[in-house]
Amino acid sequence: YTIIMDQKGNGYSKYNNILINRYKYTDDEEQGIFFFFKNIKTKRIWTSNYMNYLSKADKYVMCFTPDMNKITRQDGNIETITKISVAPTEPVEIRRIELVNHGIEDETIEITSFLEPLISEKEQDYAHRAFNKLFLEYEIIEDTILIRRKSRDKSKSDMFLAVNLYAENEIIGETEFEVDKEKFYGRNELGLPIAIKNSIPFSNNMQLTTEPIASMKRTITIKPEEKVTLNLILAVAETKQKVEETLKEFTSQATIKHN
């Protein structure tokens with residue numbers, strides 16, 4: 001399992017020759033596995049990485065090390081630390097988000113994860129992107145989005161990707177899910193997603209879509225000088241049973257902290 005990322009946070013994850021998320025270097029839009037944050041009180045919006053269409057962070061530092069990529073940024077009173085790593089024994093990616101409130105008042109933040117799942121070889125996507133999207137199936141299992149890539153070749157296995165946004169602190173309300181890119185971005189599909197800008201509730205509908213994404217939203221309150229932590233966990237496997245077992249193992253604080 002490999003993670004490729006540039007200094008702005010764009011990039012892709014790969015399991016053997018299977019790309020987890022859609023990425024093409026020549027495309028104009030930012031691509032990768034992202035987080036959006038919205039301060040409910042101030043309406044300020046930022047991301048875990050660098051986006052051209054949003055205001056620059058008050059502070060932005062990217063650090064690459066052999067075992068982890070780390071992005072630290074400051075946006076108003078909120079410091080956001082993103083730690084990206086791979087589990088040493090399983091094809092599991094953990095994107096750990098730490099939010100610290102340096103202000104003197106409680107802050108309520110909407111936290112939204114986003115990726116365009118591919119779960120195929122890049123050549124299949126380059127050859128016929130629209131056709132390649134038709135082989136993805138979704139279901140929700142508890143607080144997890146489970147995506148199945150149906151194999152177009154009978155000699156090859158299906159692939160499964162499980163996505164879970166695990167909160168170590170108490171959240172407000174229920175986890176929300178969205179798999180339709182048009183509902184998330186609006187018809188424009190460029191710039192700030194309309195669902196983030198207007199805090200539109202997600203559909204929580206796992207219907208078939210021609211523009212698939214995997215997005216999850218949680219809302220959390222941070223007290224002054226408090227730190228809250230969430231983990232986006234991605235697990236990939238060739239069987240549904242294996243991916244569910246792996247995800248169950250990693251959606252525990254003990255396993256996450258050990259890795």
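Just the heavy atoms: all of them, side chains too, but no hydrogens, waters or symmetry mates, feed the values below.
- Glu30 contributes a side-chain N or O that, together with a main-chain N or O of Asn52, makes up a donor-acceptor pair within less than 3.5 Å.
- No salt bridge links Arg148 with Glu139; every basic N to acidic carboxylate O contact stays at or beyond 4.0 Å.
- Annotation: cation-pi pair Lys217/Phe202 present, NZ/CZ under 6.0 Å from the ring centroid and within 45° of its normal.
- Tyr185 carries Lys181 over the face of its six-membered ring, with the cationic atom under 6.0 Å from the centre and within 45° of the normal.
- Checked by atom type and distance alone, the side chain of Glu90 never pairs as donor or acceptor with a backbone atom of Val92 at under 3.5 Å.
- Surrounding CD of Glu142 are at most 12 heavy atoms belonging to other residues, nucleotides or ligands under 6.0 Å away.
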Asp75 and Lys56: CA distance, side-chain angles, deciding distance, salt bridge (charged side-chain N to carboxylate O under 4.0 Å, His left out) verdict: CA-CA 9 Å; Asp75 297 86; Lys56 289 185 178 180; over 6 Å; no
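- Side-chain contact of Thr72 with Glu79: a donor-acceptor pair under 3.5 Å is absent, judged by distance alone.
- Shown here is Gln241, whose CD atom has no more than 12 heavy atoms of other residues, nucleotides or ligands within 6.0 Å.
- Remark: Glu98 engages Lys83 in a salt bridge, criterion side-chain N to carboxylate O under 4.0 Å.
- Put simply, Leu232 and Leu146 are part of two different groups of oily side chains (I, L, V, M, F, W, Y) that touch within less than 4.5 Å, one to the next.
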Evaluation steps, salt bridge (charged side-chain N to carboxylate O under 4.0 Å, His left out), between Glu211 and Lys183: CA-CA 10 Å; Glu211 292 292 337; Lys183 290 180 180 178; over 6 Å; no
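- No salt bridge links Lys150 with Asp158; every basic N to acidic carboxylate O contact stays at or beyond 4.0 Å.
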Check against side-chain contact (heavy atoms from CB on, under 4.5 Å), Met51 and Lys8: CA-CA 8 Å; Met51 292 288 194; Lys8 292 184 176 181; over 6 Å; no
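- Both Val163 and Tyr1 are assigned to one and the same hydrophobic cluster, defined by single-linkage of ILVMFWY side chains at heavy-atom distances under 4.5 Å.
- Donor-acceptor pairing under 3.5 Å is lacking for the side chains of Glu107 and Asn101.
- A donor-acceptor pair shorter than 3.5 Å cannot be found between the side chains of Arg73 and Thr80.
- In this structure the side chain of Arg218 reaches within 4.5 angstrom of the side chain of Leu230, judged on heavy atoms.
- Counting only heavy atoms from C-beta outward, the side chains of Val100 and Ile78 never approach each other to under 4.5 Å.
- With salt bridges taken as basic N to acidic carboxylate O contacts below 4.0 Å, none links Glu110 and Lys38.
- Between Thr144 and Asn164, the side chains place a donor N or O and an acceptor N or O closer than 3.5 Å (distance only, hydrogens not considered).
- With hydrogens and angles disregarded, a donor-acceptor distance shorter than 3.5 Å links the side chain of Ser215 to the backbone of Ser113.
- For the pair Asn21 (side chain) and Gly11 (backbone), a donor-acceptor distance under 3.5 Å is present.
- Centroid-to-centroid, the aromatic rings of Phe35 and Phe114 stay 6.0 Å apart or farther.
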Step-by-step side chain to side chain donor-acceptor pair (under 3.5 Å) determination, Glu93 to Ser13: CA-CA 8 Å; Glu93 175 177 347; Ser13 300; 2.6 Å; yes
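- Between the side chain of Gln74 and the backbone N or O of Gly76, at least one donor-acceptor pair lies under 3.5 Å.
- For Asn231 and Glu168, the side-chain atoms include at least one donor-acceptor pair closer than 3.5 Å.
- Listed by chain and number, the residues in a side-chain hydrogen bond (donor to acceptor under 3.5 Å, both in side chains) with Glu170 amount to none (sequence neighbours excluded).
- Glu174 CD: 12 or fewer foreign heavy atoms inside a 6.0 Å radius.
- Cluster membership check: Ile97 shares its hydrophobic cluster with Ile3, using side-chain heavy-atom separations under 4.5 Å among Ile, Leu, Val, Met, Phe, Trp and Tyr.
- A continuous path of ILVMFWY side-chain contacts below 4.5 Å connects Met159 to Leu115, so both sit in one hydrophobic cluster.
- Atom CG of Leu134 has more than 12 neighbouring heavy atoms from other residues, nucleotides or ligands inside a 6.0 Å radius.
- Asn39 and Arg44 share no donor-acceptor pair across their side chains, judged by distance under 3.5 Å alone.
- Remark: side-chain polar atoms of Glu178 are paired, donor with acceptor, to backbone N or O of Ser203 under 3.5 angstrom.
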Check against side-chain contact (heavy atoms from CB on, under 4.5 Å), Asn49 and Asn10: CA-CA 8 Å; Asn49 59 309; Asn10 295 311; 4.3 Å; yes
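- There is a side-chain donor-acceptor pair under 3.5 Å between Ser120 and Asn132.
- Hydrophobic clustering, with ILVMFWY side chains joined whenever heavy atoms are under 4.5 angstrom apart, groups Ile33 together with Met62.
- Between Tyr50 and Phe34, the gap from one ring centroid to the other reaches at least 6.0 Å.
- At least one donor-acceptor pair closer than 3.5 Å links the side chain of Asp180 to the backbone N or O of Glu182.
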